[in-house]
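Accompanying notes for the structure given below.
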Protein chains: 2
Amino acid sequence: MRVSIKDIARAAGVSHSTVSRALSDSPLITAETKAQIKRIAREMGYTPDARARSLVMGETRTVGVVVTTIADPFMAPVVQGIESTAYENGYSVILASANSDPARELAAVEMLQSKRVDGVIVTASRVGALYQDHLGRIGVPVVLLNNHSEQSGRYLYTVTVDNQHGARLATQHLIELGHRRIAYIAGPADHSSNAGRMEGYRQALTEAGIPFISDLVAQGDGKMDAGMRALPALMDLAERPTGLFCYNDMTAIGVLRAARQLGIDVPRDLSIVGFDDIAFASFITPPLTTIAQPQFEMGQQAMQMLLTRIRQSPDAPISDILIEGKLIVRESTRRRA
Amino acid sequence: MRVSIKDIARAAGVSHSTVSRALSDSPLITAETKAQIKRIAREMGYTPDARARSLVMGETRTVGVVVTTIADPFMAPVVQGIESTAYENGYSVILASANSDPARELAAVEMLQSKRVDGVIVTASRVGALYQDHLGRIGVPVVLLNNHSEQSGRYLYTVTVDNQHGARLATQHLIELGHRRIAYIAGPADHSSNAGRMEGYRQALTEAGIPFISDLVAQGDGKMDAGMRALPALMDLAERPTGLFCYNDMTAIGVLRAARQLGIDVPRDLSIVGFDDIAFASFITPPLTTIAQPQFEMGQQAMQMLLTRIRQSPDAPISDILIEGKLIVRESTRRRA
DNA sequence: TTGTACGCGTTATCAA
DNA sequence: TTGATAACGCGTACAA
């Protein structure tokens, strides 16, 4: 049987309110009885009931994290950053993955609502677009991570990587290496992150006076297979690209694989730049030149932002956080022959 | 302001118990008033309070997952399997990472206790050894994942990969390829998983009539750096090993890196077998021969086991689950020249 | 078929 | 300094 403060009160011969005060170190209690009560509590193996406490205190000290999947090399460190910062501030994390399934996403939000979390962090998905309404009505602060929403409502704040900036860095790097025919394998068409990277790519081209050629842009979805499928068509073009910017590292890894099968040497025949700098970008062959996103830190910042939203009045001003990635040059790019 | 069943009751002109019954589809309520109440509830944006409900129902439909870190390519899919099965059964997951820090591990357990989770899954760590007592006193079912505990107590059940079997497969594979000098780079000395893999390694050698040579066993810790540090010493031995079994894939990846620096060709000069089959084992060069563990399924099984423990009487018999990995032959091993 | 009253484990207010 | 009592939001035995 679980022991409650009433049980302790009975054992100590005092009222349950005295026990409550003693355990929360109220100055109103004699040092003597306080020690006595604490001893009994320890002996009986008492653990406070956070549910009951939260009911009267009006806060659960719990946040919800909605993620498409944690089995994603990019997301895991982000979640780690969130959990770590949460812990340091006395909060715990309820994790819900939605698997890009709208129904599950909705179920997750409802679950978090009924658990009365103090705030929610939603990571990359189309939530911003489709479920904005629902998220707005959730009644607690919501932070969107890596998910740009056009019309940030009253409860919506975002931590996003600067996609455009990163894509520009990547493309500029290829240009500086002498490449002129530079292809782009895109990510999911409905993600704003893809739009941002595409824009950065175009911008860098324009700045260098290189015409944008739509044939050099291949559709993709951010997964490895997309990279594998996209490469052959690009290499079949009359004028082959010599540089390639990929939506993300997973795509780039797929490209590397396809390149090996096609007998295309990277970086001799083709220079490749990824995006994300996932853990394994440096372990593959050749080690991947990419745009690093500080994943752990992004998680920390998102949680920090959520905490200030939770603590402040709901209309205190907070500017959204835009994190700049940086170029990591490894061995998948080289000067054009 | 949050709306409660009392608010709905007031709006509908009934008592709060009628509302409660109507919302839980009690057959005692007129279809008419039931519909009426449900409509009002929807209009007012009502969401049931899981805390209050759990207080009276005696269950939270929440489980805790303690992990050393999610930013671990092996753990992420496992957690995904847990979360997925939890969701399908109407449970949610509180995630706590302990970072191999005993204090944090303890804090995590206490937090989960106060949140009154219905059960806990603890993944790979020394918990089994050090905190067995504490976990036993937690008062709810505990499932240990990939963590062998010698003295499974009343509440402790385990889902473990068969380390010995996997290590035997790996070593036998090298032996069948003609290797006789086979080294082992160990994992954390205090992990039972390391003991199991070491034992499987010795067993395979013995079965093949190959003497065990302690010089061929290097210390490690399961991280990439350990693999990088261990290789030079092994290759400095008078009689170099031609085969190498690594505690896990991360160690093997470190070895591959060191090998490249030392000018050792894999698999020509050295055949390497890893353990885990993490997502990137097939992407590195050369693609790694390894022992695959069904991570997602392990998570599913652990959650399933926890669910039956939660539902059954606490002393119903459940045999621990031992999952056999299988050998995945890729390109890091070849017949001895 | 519905309402009243109680309890779940806390904290907080008011008296004593 | 301590104790009764109310309140948080909900489910349910019992009475009507």
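- Counting to the nearest Å, the C1' atom of C:dG7 and the CZ atom of B:Arg53 are 17 Å from each other.
- Of all heavy-atom pairs spanning B:Ala71 and A:Pro77, the tightest one is CB-CA, 4.0 Å.
- Contact annotation: B:Ser54 side-chain N/O to D:dC10 OP1/OP2 distance is not under 4.0 Å.
- Of the inter-residue distances, the one linking B:Leu144 atom CG with B:Met305 atom CE reads 10.0 Å to the nearest 0.5 angstrom.
- Put simply, CD on A:Gln293 and CG on A:Asn163 are 7.0 Å apart, with the number rounded to the nearest 0.5 Å.
- A heavy atom closer than 4.0 Å to some atom of DNA chain C occurs in no member of residues 39-46 of chain B.
- Using a 4.0 Å heavy-atom criterion, one finds that B:Leu28 contacts the bases of the nucleic acid, with or without backbone contacts as well.
- Salt bridge present: A:Lys38 and A:Asp25 bring a charged side-chain N and a carboxylate O closer than 4.0 Å.
- Within the model, atoms CZ of B:Arg116 and CZ of B:Arg51 stand 15.0 Å from one another, a figure rounded to the nearest 0.5 Å.
- Not a single donor-acceptor contact under 3.5 angstrom links the side-chain atoms of A:His16 to the base of D:dT2.
- Heavy-atom distances to DNA chain D give each of A:Gly13 and B:Thr47 a nearest nucleotide, and the one nearer the 5′ end belongs to A:Gly13.
- Which of C:dT10, C:dT4, D:dT2 sits closest to the side chain of B:Ser15 comes down to C:dT4.
- Residue-to-nucleotide proximity on DNA chain C shows that, of A:Ser4 and B:Ile29, the 5′-proximal contact is made by B:Ile29.
- Among all heavy-atom pairs drawn from B:Gln295 and B:Pro73, the shortest one is NE2-O, 3.5 Å.
- The line from CG of B:Leu145 to CD1 of B:Ile82 is 5.5 Å long, rounded to the nearest 0.5 Å.
- As rounded to whole Å, 12 Å separates atom P of C:dT11 from atom CG of B:Leu55.
- Atom CG in B:Asp49 sits about 8 Å away from atom C1' in D:dC10, given to the nearest Å.
- Rounded to an integer number of Å, the gap from B:Glu59 CD to D:dG11 C1' is 13 Å.
- Distance CD1 (B:Ile5) to C1' (D:dA7): 14 Å, rounded to an integer number of Å.
- Remark: A:Ser17, A:Thr18, A:Arg21 in residues 17-25 of chain A come within less than 4.0 Å of DNA chain D through at least one heavy atom.
- Picking from C:dT1, C:dT11, D:dT1 the nucleotide with the shortest atom distance to the side chain of A:Val56 gives C:dT11.
- B:Ile8 places its CD1 atom 12 Å from the P atom of D:dG9, with the value rounded to the nearest Å.
- Regarding contacts with the backbone of C:dT2, a side-chain N or O of B:Thr30 is found under 4.0 angstrom from either OP1 or OP2.
- Exactly one residue among B:Thr62, B:Ile94, B:Val93 makes a side-chain contact (heavy atoms from CB on, under 4.5 Å) with A:Ile94. That residue is B:Ile94.
- Distance CZ/A:Arg104 to OG1/A:Thr68: 11.0 Å, rounded to 0.5 Å.
- Between the C1' atom of D:dC10 and the CZ atom of B:Arg61 lies a distance of 16 Å, rounded to the nearest Å.
- Separating the OG atom in B:Ser20 from the CD1 atom in B:Ile29 is a distance of 9.0 Å, to the nearest 0.5 Å.
- In this structure, NZ of A:Lys115 is placed 23 Å from P of D:dC8, rounded to the nearest angstrom.
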